[in-house]
Amino acid sequence: MIANRMNLRVLGSTTAIAAVAAIGLAAQPVHAVDWGGVDTHSIFVFHPGQASWEWVLTPGDHRRRAVERFRDEGRNCQYCHRHEMDLLAVIATGDGDAPEPYPFDHRPGVVDLDVQASHDGERMYWRFSWDAQSDGGDPMDADHPARVTVFFASDAVREATRAGCWGACHDDQRGMESDTDALDLTMYLAASRTQITRSGGGENYRSDSELAELISDGHFLEYWQARLTADGGVLPVDGYILERRHESDSPAVEVELEEDGDRRVVTISRALAGDADTRIDLESGNTYHGGFALHEGGTKGRFHYVSMEYSFSIDSDQGDIAVMGQ
Ligand code: HEC
């Protein structure tokens, strides 16, 4: 049964590639990758409500046993949640354990996301495909129907290795449960603060020199994003997260969008070598840790779909996703 489903998946994506290739003849992509030979990872992303890092670590908010197994027994989120789609799908409707004061039912709680990754010795390429979702006539961001983001860190960011996105999602950020409106905090890592409580790290910032040292130790998350525009285009966006989210003025990533009916197909690529302190060198044999986020149906801010933690490794199968050369 599982093998059957996987075959269908592979067939499905091959068909999509054929259709896209036919459309693509007029405008050849700058970097041609043969996606037909690259494994497709069919994962799901779900709406997490206001379940912050602090929420998942607090017994009684998150299931007590889950917290114990995560904190004391070293079990990562995927250990329990790899197949828990139904459980996580109800957060969007407000029926989950995770808080969601603005439940919605005209968008799904879970979206299937197909992920592929490859490199050609010069650049690394991600390819994402998923079904466009309706905004129900009520987009939060009418200019951007969708955004897909991959973020990653070296193993210096321990919480990213254990919990992906949750390492950067705190209870006092914009729109979260402990947001006071006064702070307007974007995503940050715990190491950027001198103190963190159940409501997050607030403005307990470490000094500039301490933050600079964290960056030189590789203690930050890098992110690459393809931001779809209402006129059918796509914008490259990248940056890093430490004491807040920093968006680059001149992104190093390149993006391409090919829409095939309701299917959105996006590639994001960047040179393997990082050209700044806050751009990670992607080296053969190394493993990187992070996850994926999808804003679909015209959503913005925290109203995205996220994955649990995923790792990828260049030229090796040590991570969840092997990024092999071609
Ligand atoms: C030992 C297993 C286990 C681990 C490890 C674990 N969880 Fe959970 N998680 C659960 C269980 C059990 C529930 C509650 C199920 C229910 O509500 O019926 C839950 C609930 C949740 C919910 C709320 C679901 C809802 O319907 O509202 C979220 C979000 C969540 N977990 C995220 C995480 C994240 C993020 C991590 C890693 C930091 C993690 N979990 C680690 C077992 C686990």
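For ligands, and for the atoms within them, numbers begin at 1 and follow the listed sequence. Predicted model only: the values in this text are computed from it and were never measured. Residue numbers run from 1 in the order of the sequence given.
- Close approach of ligand 1 to Gly96 (heavy-atom distance below 4.0 Å) involves ligand atoms 25 (C), 26 (O), 27 (O).
- Near Trp55, meaning under 4.0 Å from any of its heavy atoms, are these atoms of ligand 1: 22 (C), 23 (C), 28 (C).
- Ring geometry for Phe292 against Trp126 counts as perpendicular: the plane angle is over 60°, on a 0 to 90° scale with 30° as the lower cut.
- The single protein non-hydrogen atom nearest to atom 15 (C) of ligand 1 is Leu87 CD1, 3.4 Å, given as residue, atom name and distance.
- Between Arg206 and Glu213 there is no salt bridge, since none of the side-chain N atoms of the basic residue sits less than 4.0 Å from a carboxylate O of the acidic one.
- Contact annotation: for Tyr79 versus ligand 1, there are no heavy atoms closer than 4.0 Å.
- Nearest protein heavy-atom contact of atom 35 (C) of ligand 1 is Trp166 CD2, 3.3 Å.
- The pair Arg127-Glu256 does not count as a salt bridge, with every side-chain nitrogen at least 4.0 angstrom from each carboxylate oxygen.
- The aromatic rings of His47 and Phe303 lie parallel to each other, their planes meeting at an angle below 30°, with 60° marking the opposite boundary.
- Closest to atom 10 (C) of ligand 1 by heavy atom, among Glu159, Arg162, His81, is His81.
- For ligand 1, the atoms sitting less than 4.0 Å from at least one non-hydrogen atom of Ile91 are 24 (C), 25 (C), 26 (O), 27 (O), 29 (C), numbered in the order shown with element in parentheses.
- The backbone N or O of Gly121 sits less than 3.5 Å from a side-chain atom of His119, completing a donor-acceptor pair.
- Within the 2.8 Å limit, His62 places at least one N, O or S atom next to atom 8 (Fe) of ligand 1.
- Less than 4.0 angstrom separates some heavy atom of Val56 from each of these atoms of ligand 1: 32 (C), 33 (C), 34 (C), 35 (C), 38 (C).
- At a heavy-atom cutoff of 4.0 Å, ligand 1 is contacted by both the backbone and the side chain of Ala98.
- Residue contacts with ligand 1, taken as heavy atom pairs separated by less than 4.0 Å, involve Val90 solely via side-chain atoms from C-beta onward.
- Not a single N/O/S atom of Cys80, whether from backbone or side chain, sits less than 2.8 Å from atom 8 (Fe) of ligand 1.
- For Val67, the closest heavy-atom approach to ligand 1 does not fall below 4.0 Å.
- Counting the atoms of ligand 1 from 1 in the order shown, those under 4.0 Å from a heavy atom of Phe70 are 37 (C), 38 (C).
- Of all the atoms in ligand 1, the ones that sit under 4.0 Å from a non-hydrogen atom of Ala51 are 29 (C).
- When Cys77, Pro48, Gly167 are checked for heavy-atom proximity to atom 37 (C) of ligand 1, Cys77 turns out nearest.
- Protein heavy atom nearest atom 42 (C) of ligand 1, with residue, atom name and distance: Ala66 CB, 3.5 Å.
- Closest of all the heavy-atom pairs between Val90 and Leu87 is CG2-O, 3.2 Å.
- Judged by distance alone, the side chains of Glu159 and Trp53 never bring a donor and an acceptor atom under 3.5 Å apart.
- Ion pairing between a basic and an acidic side chain is recognised when a charged N comes within 4.0 Å of a carboxylate O; Arg227 and Asp141 show no such pairing.
- Proximity to Asp97 (heavy-atom distance under 4.0 Å) selects the following atoms of ligand 1: 14 (C), 16 (C), 17 (O), 25 (C), 26 (O), 27 (O).
- Here the shortest heavy-atom pairing between Gly49 and Ile91 reads N-CG2, 3.5 Å.
- Under the 30°/60° scheme for interplanar angles, the aromatic rings of Trp166 and Phe46 are found to lie parallel.
- Each of the atoms 38 (C) of ligand 1 lies under 4.0 Å from some heavy atom of Ala163.
- Protein heavy atom in closest approach to atom 13 (C) of ligand 1: Arg63 CB, 4.0 Å.
- A salt bridge links Glu68 with Arg65: the closest approach of a Lys/Arg side-chain nitrogen to an acidic carboxylate oxygen falls below 4.0 angstrom.
- Between the side chains of Tyr188 and Asp172, at least one donor-acceptor pair of N or O atoms lies under 3.5 Å.
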